[in-house]
4 protein chains.
Amino acid sequence: MGDGYHVLVSEHRRGPVRSEAARVAILDATARLFESRGYDHLTMEGIAAEAHVGKQTIYRWWPSKGALVADCLLEGLLFRQGFSPADTGDLRADLTAWLRGILGFVDREGGDTMVHSLIAAAGDHPSVGARLSEQLGANSLLHARFEAAVAAGQLSPDRPLDELGDALVGAVVLRALSRTPSDAAAAGRLVDAVLG
Amino acid sequence: MGDGYHVLVSEHRRGPVRSEAARVAILDATARLFESRGYDHLTMEGIAAEAHVGKQTIYRWWPSKGALVADCLLEGLLFRQGFSPADTGDLRADLTAWLRGILGFVDREGGDTMVHSLIAAAGDHPSVGARLSEQLGANSLLHARFEAAVAAGQLSPDRPLDELGDALVGAVVLRALSRTPSDAAAAGRLVDAVLG
Amino acid sequence: MGDGYHVLVSEHRRGPVRSEAARVAILDATARLFESRGYDHLTMEGIAAEAHVGKQTIYRWWPSKGALVADCLLEGLLFRQGFSPADTGDLRADLTAWLRGILGFVDREGGDTMVHSLIAAAGDHPSVGARLSEQLGANSLLHARFEAAVAAGQLSPDRPLDELGDALVGAVVLRALSRTPSDAAAAGRLVDAVLG
Amino acid sequence: MGDGYHVLVSEHRRGPVRSEAARVAILDATARLFESRGYDHLTMEGIAAEAHVGKQTIYRWWPSKGALVADCLLEGLLFRQGFSPADTGDLRADLTAWLRGILGFVDREGGDTMVHSLIAAAGDHPSVGARLSEQLGANSLLHARFEAAVAAGQLSPDRPLDELGDALVGAVVLRALSRTPSDAAAAGRLVDAVLG
DNA sequence: ACCTAACCGAGACGGTACGTCGCGTCTTCCC
DNA sequence: GGGAAGACGCGACGTACCGTCTCGGTTAGGT
């Protein structure tokens, strides 16, 4: 897992094996250019040049720019900053703090570019979208926090937890899309909206 | 409304006035090509040819493809299908039906292309994002439905209504981004998630 | 003569007469831009802007860029530097000095640009070619010098004088076209070639 | 000869080598369009289309339209009709016949277009001018004829032969520029002018 | 004193061509 | 056969000018 887009099967072949150096150089170059120039200024030619690699070497292993970015996400080269909700026992407070962190990141310099780039990449490659919400903590960490809240009796057990996360993350994405700047109370209001 | 991207300020200028025929032809062509080919196969050259217009006439009045699409949305040329929640008195049922309609549209042939295209366009132009959620009914119609629910005592008056809509629409957008197909119960679960 | 491309006939018309200010501004602007940017970077739009004049005002009175330049030559706004052969009594020496002056001008900074521009303009407008050789002194001044030489017995009376001038000027133009730089003795050799 | 604009130096480079097929297709298309439409209706886009070649492939190897035409001349694809003076022993008669041929060509349909096109091309690219006079026979063939005349005692040995040719060819070019139609005796007068 | 045709400035219009960028494929030499 | 390099056909970009047309404003005869 995380070996690049094509998983090497064990069929025996002649000739040299895939160059790990090239694979890493390509992903590094992709991540570097993604962060500095954004997804839509990311070009295959630019990546090849930055990685000192022939274009064919990229096309041999990845079918598209989106797949390349998806692999960068898998390797954790992009969007290093994960957002995990704390567990102080107070679900509402924890969610608000978590959201405030995310909204702050989105509003900060470069943050919205990053999110926009990820959204654009998600349009090109299916798994990027999944990774996007995962990096925002929704899929795993947020789910765990919700389960803890259910166990603590702060959340009704029949609430669909995945959808709860989707709603929160989705609202953030929507704000990023419409470039609505978030005021200080926005995180609180959003939590109020879904928790009641 | 429908004045185009540049709002004509009242300063007097000599010379010919902007051609309404060209403006309409361009927006029509944009809408036509957007629906038939999707946002990322939309080209300025294609629009100019389809509208029988010089490229410069487009660039004179719109800075980008995104702005063009945003104007099409403003004029209601795109995404004609608006989604408005009914008011049967039962908020939960109404929201579920409304969401089911939207999710069905997104999953249906062409629907996800349309949403993906709008998301891509939103990345290029700020106001497209706002229009996107508006067309989904969130900003105005959904807000009205929520207010009716508050009046009917079905919704706590201190729930932030805008954020409630954002959460629902955002979840839909997130699903579209990650291309998660929605099962029959998805709409219900989503409503359960936010209404508790 | 020199009133611009269209000679005003005396038929009576209503309305304002042609604006002399505009005519002069246009020719001045043309000459200014011709000298600074060369014939092929000369544009109708540039001239109109430089002259603070509508494009239509240019097209109303001149059919082409070449005609405009031809009028500039007629008015003496271009290529102010005329070359006239002296008459010291020694035809060979006078011609050599005259040619040296011309060749020097062509080789000097900007000179070949000017000649190239005039040649290019001549391609667009017939009378520019005639003006070109006239400004080089060939048509009138050189002819007069030749007649004096005939009278002084330095030149056989059956030599065709016009062709003699054409040969000398033509050789200069050819050198300008092929951008052959002329050495110090070139003028002398050229005179030797035609005078024998 | 015929190596194209860029002379390949022998430094070794990796990667694909320049496509000879593309080079030839481009030059052929250029010659074809030059002859049919003239230099100033020659467009890079037209050449690319005619040659079934990408525009970039042209710009990769030639900096301008003029360079392209210069290469066509080098390859002998243009102006196939060379003019060579005969040697009947009578220099004056031979030169007159040769000039009459050239002047006739220039005056004939298409001839002046060709010369004007070459003159225009010469303005864009230095070597075209040199090729122009070469194709008119001046540089090599005419020089040879002059040497024969010197050997035969018909021409003084101290006459500068190159300049003699320049004078004759230059006069022709000048006539083409000023679009002066040549009468039947023009060739004779021109020869009289330079031979005395 | 109007009327109105023609001038003027400004510049929008439908076009053509420009020169550049990036795509994904193909070709060459080297390891 | 993988890899670096990069030429290739191609499509689109955004810009520059072309020559025409359309405005409002101005200027003179004509009535």
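So you know, we letter chains A, B, ... as the sequences are listed, proteins then strands, and number each from 1.
Atoms NZ (C/K55) and P (E/dG9) sit 14 Å apart, rounded to a whole Å. B/E20 has its CD atom 17 Å from the P atom of F/dT22, to the nearest Å. The distance between atom CD of A/E45 and atom P of E/dC21, rounded to the nearest whole Å, is 10 Å. Taking atom NZ on A/K65 and atom P on E/dG24, their separation rounds to 9 Å, with Å as the unit. To the nearest angstrom, P of E/dC8 lies 16 Å from CD1 of C/I47. Between the P atom of F/dA5 and the CZ atom of D/R18 lies a distance of 22 Å, rounded to the nearest Å. Atom-to-atom, CZ of C/R60 to P of E/dA10 comes out at 14 Å; the value is rounded to the nearest Å. With rounding to whole Å, D/M44 atom CE is found 17 Å from F/dT15 atom C1'.
Positionally, the nearest nucleotide of DNA chain E for B/V53 lies more toward the 5' end than for the other of B/V53 and D/G15. With the nearest nucleotide of DNA chain F identified for both A/I26 and D/Q56, A/I26 has the one nearer the 5' end. Residue A/H52 is the one, among C/L42 and A/H52, whose nearest nucleotide of DNA chain F lies closer to the 5' end (criterion: closest heavy atom). Taking for each of B/A51 and D/P16 the nucleotide of DNA chain E with the nearest heavy atom, the 5'-most of the two is the partner of B/A51.
The phosphate of F/dA4 has OP1 or OP2 within less than 4.0 Å of a side-chain N or O from A/T57. Considering only side-chain N and O atoms, B/W61 lies under 4.0 angstrom from the phosphate OP1 or OP2 of E/dC13. Between D/R14 and E/dC29, a side-chain N or O to OP1/OP2 separation shorter than 4.0 Å is absent.
Atom OH of D/Y39 is separated from atom CG of D/L68 by 9.0 Å, given to the nearest 0.5 angstrom. Separation of atoms CH2 (C/W62) and CD1 (C/I26) is listed at 4.5 Å; rounding is to 0.5 Å. Note that CZ of C/R131 and CG of C/L74 are 4.0 Å apart. Values are rounded to the nearest 0.5 Å. Summarising the geometry, atom CZ belonging to C/F34 is positioned 9.0 Å from atom CG belonging to C/D40; distances are rounded to the nearest 0.5 Å. The CD atom of A/E50 sits 14.0 Å away from the CD atom of A/E45 when rounded to the nearest 0.5 Å.
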